[in-house]
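A short write-up of the structure that comes next.
Nothing here was measured: the structure is a model prediction, and the numbers come from that model. Below, chain A is the first sequence line, B the second, and so on; all start at residue 1.
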Amino acid sequence: MKAMSVANGVNPGVFGPVPENAFEHVGPAPEEQNLIVRPPTTYWQDAWRRLKKNFLAMCGLYVIILFIALAIFGPMLTGYTYFGQVLTDANKAPSLAHWFGTDHLGRDELTRVLYGARISLSIGIVASVINLAVGALYGGISGLVGGRTDNVMMRIVDIIYGIPLQLVVILLMVVMGSGLLNIYVALGLVYWLGMARIVRGQVLALKEQEFVLAARMVGADQRRLLLRHLIPNAMGPIIVTLTLSIPQAIFTEAWLSFIGLGVAAPQASWGVLASEGVGGLRSYPWQTFFPAAAISLTMLAFNFLGDGLRDALDPRLRR
Amino acid sequence: MARYILQRVFAAFVALWILTTVTFVLMHAIPGGPFTRERNVPEAVMRNIEAKYHLDDPLWQQYLDYLGGVVRFDLGPSFKFQGQTVNDFIRRGFPVSAELGIISIILSMAIGIPVGIISALRQNKWQDNVTMLVAIIGVSVPSFIIAPLLMYVFALKLRWLPPAMWGSWRQVIMPAVALALLPLATFSRLMRSSMLDVISQDYIKTARAKGLSELAVTWRHAVKNAVMPIVTYLGPLIAAILTGTFIIEQIFAIPGLGRQFVWSVNNRDYTTILGLTIFYGAFLLLMNLVVDIIYGFLDPRIQIAGRKD
Amino acid sequence: MDNLLRVRDLKTSFFTYAGEVRAVDGVNFDVAGGEAVAIVGESGCGKSVTAMSLLRLIPEPGKVLAGSVELAGRDLVKLKEREMRHVRGNDISMVFQDPMTSLNPVLTIGTQLMEAIRQHQKVEKDKARARAIETLEMVKIPSADKRLAQYPHQLSGGMRQRVMIAMALSCHPKLVICDEPTTSLDVTIQAQIIELLKDLKKATGMSIILITHNLGVVAGLATRVIVMYAGKIVEYGPVNEIYGIPQHPYTWGLLRSVPRLDAAEKRRLVPIYGQPPDLLKPPVGCRFNPRCDHAMKICREQEPPFVPVNGNGQHHVACWLQHPAAPAVAGFKKGVPA
Ligand SMILES: Nc1ncnc2c1ncn2[C@@H]1O[C@H](COP(=O)(O)OP(=O)(O)O)[C@@H](O)[C@H]1O
Ligand SMILES: [Mg+2]
């Protein structure tokens with residue numbers, strides 16, 4: 001032993017004392033080789049963890065939940081109806097009887113704002129869901145079929161992108177006339193382009209991945225492939241786009257209201273309420289202020305949540 | 001480069017043609033619209049419409065006539081104002097709207113882009129957090145909400161600025177600020193994320209390894225690359241400002257084309273709606289084209305290869 | 001040997017949300033003037049972080065925690081940022097892995113070359129231009145003067161890497177760090193680039209640190225090899241000894257797993273099983289023990305010290321197999337006496 005170490009040029013002194021049986025062979029430790037130190041989490045758990053840590057996004061989420069609850073139950077609790085006119089009470093300032101004051105026909109502003117929440121939020125959600133359905137279908141088919149079909153379908157999207165869509169919405173509303181249903185249709189059928197692009201991108205990226213190949217090999221047909229495997233896996237960016245398209249739809253509806261193409265009276269969205277209020281801004285500012293605050297808060301809440309979701313769902317950030 | 005420009009011009013023309021066709025079809029679908037016979041309009045207007053659109057011709061003939069008019073930039077008579085043409089409205093209103101729009105764009109770029117750059121350089125420091133909080137409020141609160149607020153505070157309460165009308169620079173301030181806020185906030189958000197993206201690129205590492213100062217790295221290597229994707233958002237932002245003018249001009253009683261358009265919509269002045277839609281469409285397509293060409297000149301990959309990789 | 005670069009106990013960590021990632025954990029090495037040293041190891045072993053620590057270009061949330069980096073007797077770690085800038089690109093310059101992304105796509109080759117020159121040598125524009133052409137000719141780029149007006153995307157990958165090398169050479173640095181300069185190139189181009197570096201070293205007398213995970217490209221250029229694993233050096237020595245009598249099981253694995261450009265006969269390639277550890281929580285004892293066929297009980301418990309082998313004072317290894325009491329390993333030539 002000693003002789004060999006000299007031949008080796010290594011002085012055992014440099015190693016210091018070693019415990020007994022130190023040189024017993026144990027071999028590699030495969031269980032430790034791929035040891036994952038960071039807590040094992042699925043994509044969704046990880047996203048939720050990141051989202052929960054995002055204060056503003058969570059505030060947004062809570063505000064949205066609160067507003068939805070108010071939209072559903074609020075109008076029943078105020079003791080007024082959104083259409084009940086009391087002309088002697090017209091243009092009253094906020095008071096205990098009318099927390100948000102009254103409008104020029106003596107209708108309770110709080111009830112109208114709460115009822116407006118139903119209309120504005122439903123427009124945001126319904127229009128976005130229609131966008132999602134149309135866009136996901138178009139983009140999904142385009143990406144999945146690929147080749148020439150994809151090329152043609154995307155060329156079409158590129159060209160439509162060039163057309164100013166707000167103008168098309170105005171035209172549609174002029175032709176169809178104002179009304180809640182028409183707004184759902186107009187907004188739903190016009191703003192799906194972004195969704196189509198996102199979905200197609202996701203489908204193309206996912207198409208090449210192993211599990212799709214595996215699914216192909218066991219003989220899954222293309223439709224099933226699209227619905228069961230591809231679309232759920234492309235959900236991250238789609239959810240972000242959806243979340244951000246809701247405030248966009250609410251915004252567009254409010255904008256249409258200011259042009260005079262909103263829902264028909266006596267129904268009133270927040271946009272209608274705000275635009276009616278602007279005329280009396282000098283004397284009755286609360287008629288503008290409350291619906292304006294409702295629109296702004298909702299947009300803000302959805303944008304906070306959308307931004308937070310984007311950060312939380314972005315796989316590039318996972319380290 | 002020439003091929004790139006040609007492609008863009010072609011795409012713009014196709015889009016304009018689609019828009020024109022869609023408007024034509026939609027206007028035919030309206031009962032009482034300009035292209036139908038059952039309606040109550042004054043005799044004089046009726047004659048004008050008749051003379052212009054030859055309603056007795058077969059439909060395809062009308063369509064071709066109509067396209068021909070658009071090509072010659074003859075957008076026809078107003079349906080509600082006797083003796084006025086859509087071209088008259090444009091000549092009177094567009095310069096006002098354009099002035100307002102240009103001031104807003106300049107305002108938003110001059111402030112939004114530097115703010116975005118600074119925010120990116122101070123990533124996650126308080127300067128960044130504060131500006132991005134303000135920016136997200138900026139993209140969330142619509143201009144038509146900001147406008148009454150500004151008017152209430154600065155014109156009605158503080159009485160610093162005139163509440164409405166057009167002419168002096170003091171009357172420009174509030175509408176321009178209201179319009180600029182959204183693009184300003186958008187520019188700063190986009191510029192920030194674009195800068196962060198560029199800063200993490202390898203060529204920035206190379207520039208630092210050369211011993212360049214932080215200023216040179218930021219200015220020469222990061223900002224130019226980061227601004228390029230921003231340029232492509234100019235198109236949609238111009239559209240946002242333009243549609244914003246519809247309402248802002250109404251709120252501040254500015255005699256621009258936007259207010260004319262809203263008036264036409266409210267009064268069902270169909271031919272004017274039609275003509276102005278096509279005018280606005282053509283204008284935005286032209287702006288997009290200009291933006292694309294600017295982009296082509298900024299990016300050497302397009303300039304030389306004629307395409308984006 | 002007079003040492004141009006002397007790195008002692010260098011420690012660099014990244015402070016991520018999950019904790020401290022010790023990317024470089026106590027690294028010592030020297031580079032002599034005019035010498036080429038290779039740093040080898042798998043991806044994620046801390047080679048690039050070591051290189052970037054030398055230039056003090058560690059991105060957030062990273063930090064050089066301790067140690068010294070002496071260049072010709074001057075400790076770079078203690079320099080002011082302004083002084084450090086004068087070192088970067090002037091005394092030490094760097095060639096990165098991917099020439100496709102390492103050049104700014106919107107600036108011409110000329111702009112990018114000349115800005116390095118004008119940064120460090122206060123010269124007129126035409127003088128900088130002449131120097132830029134000269135360096136492009138040095139790296140054997142044909143029609144160099146025409147290249148100045150071209151953009152990176154107009155050149156092939158090999159040409160771009162030559163431009164990167166020209167840029168690194170433009171201020172006559174004492175040391176050029178090449179971080180995987182051939183990894184993203186075709187095999188034939190790889191050999192050309194290594195050949196070019198060899199010629200340039202001879203012509204200019206500069207020192208080179210060649211970082212690679214491919215031991216195959218080392219032989220032609222470097223005189224000494226440093227083997228890194230999980231943020232630590234596990235073996236270093238003259239290139240012929242690393243190839244001829246490698247002492248660390250990790251080095252054996254590396255040698256078995258790569259094709260060598262100069263290998264006469266075809267050998268069977270054997271990959272090392274498993275992956276390098278997560279540096280958030282590296283294994284206790286020898287960091288290589290979970291993947292080591294020869295792991296012993298002590299390897300799981302105590303970190304092996306660095307010991308000299310071969311008696312010439314140039315070849316060192318950190319491995320318990322070197323202990324006189326350790327069992328012999330079949331097929332393993334322990335160091336031969338000097
Ligand atoms: N920006 C960073 N943030 C966190 N960890 C990093 C960062 N850069 C590198 N690391 C960690 O440092 C280790 C060494 O990386 P690197 O030096 O790039 O390896 P290589 O030997 O392939 O060049 C890796 O394990 C990586 O996890
Ligand atoms: Mg590396």
Check this for me: C:Glu81, atom CD, are more than 12 non-hydrogen atoms of other residues, nucleotides or ligands nearer than 6.0 Å? yes
Got a sec: does the NZ of C:Lys125 have more than 12 other heavy atoms crowding it under 6.0 Å? no
Which one of B:Ala207, B:Ala216, B:Ser213 has the most heavy-atom pairs closer than 4.5 Å to chain C? B:Ser213
Can you say whether C:Gln112 sits under 4.5 Å from chain B via the side chain, the backbone, both, or neither, judging by heavy atoms? both
Chain B heavy atoms under 4.5 Å from C:Met167: which part of the residue, side chain, backbone, both or neither? side chain
Counting only heavy atoms from other residues, nucleotides and ligands, does the tally under 6.0 Å from CZ of B:Arg122 exceed 12? no
For a side chain to side chain donor-acceptor pair (under 3.5 Å) with C:Asn104, tell me which candidate from B:Gln201, B:His221, B:Arg220 qualifies. B:His221
Check this for me: B:Phe10, atom CZ, are more than 12 non-hydrogen atoms of other residues, nucleotides or ligands nearer than 6.0 Å? no
Rounded to the nearest 0.5 angstrom, the NZ-CG distance for B:Lys224 and C:Leu107 is 6.0 Å
Show the nearest heavy-atom pair for residues B:Ala209 and C:Leu55, with the distance to one decimal. CB-CD1, 4.3 Å
Restricting to non-hydrogen atoms, name the atom on B:Thr206 and the atom on C:Ser102 that form the minimum distance, rounded to 0.1 Å. OG1-O, 2.8 Å
Looking only at C:Val95, C:Asn90, C:Thr101, C:Val87, the option with the highest number of non-hydrogen pairs under 4.5 Å against chain B is C:Thr101
Is it the case that atom CZ in B:Phe13 sees more than 12 heavy atoms from other parts of the structure closer than 6.0 Å? no
Among B:Ile204, B:Val198, B:Asp202, which residue forms the greatest number of heavy-atom pairs with chain C at distances under 4.5 Å? B:Asp202
Could you tell me whether the side chain of C:Met52 reaches within less than 4.5 Å of the side chain of B:Lys205, counting heavy atoms only? yes
Side chain from CB out, backbone as N, CA, C, O: work out which of these in B:Ser200 comes under 4.5 Å of a heavy atom of chain C, or both, or neither. neither
Out of C:Gln97, C:Met100, C:His120, C:Glu60, return the one with the most heavy atom pairs under 4.5 angstrom to chain B. C:His120
Interatomic spacing from NZ in B:Lys210 to CD in C:Glu115 - rounded to 0.5 Å: 3.5 Å
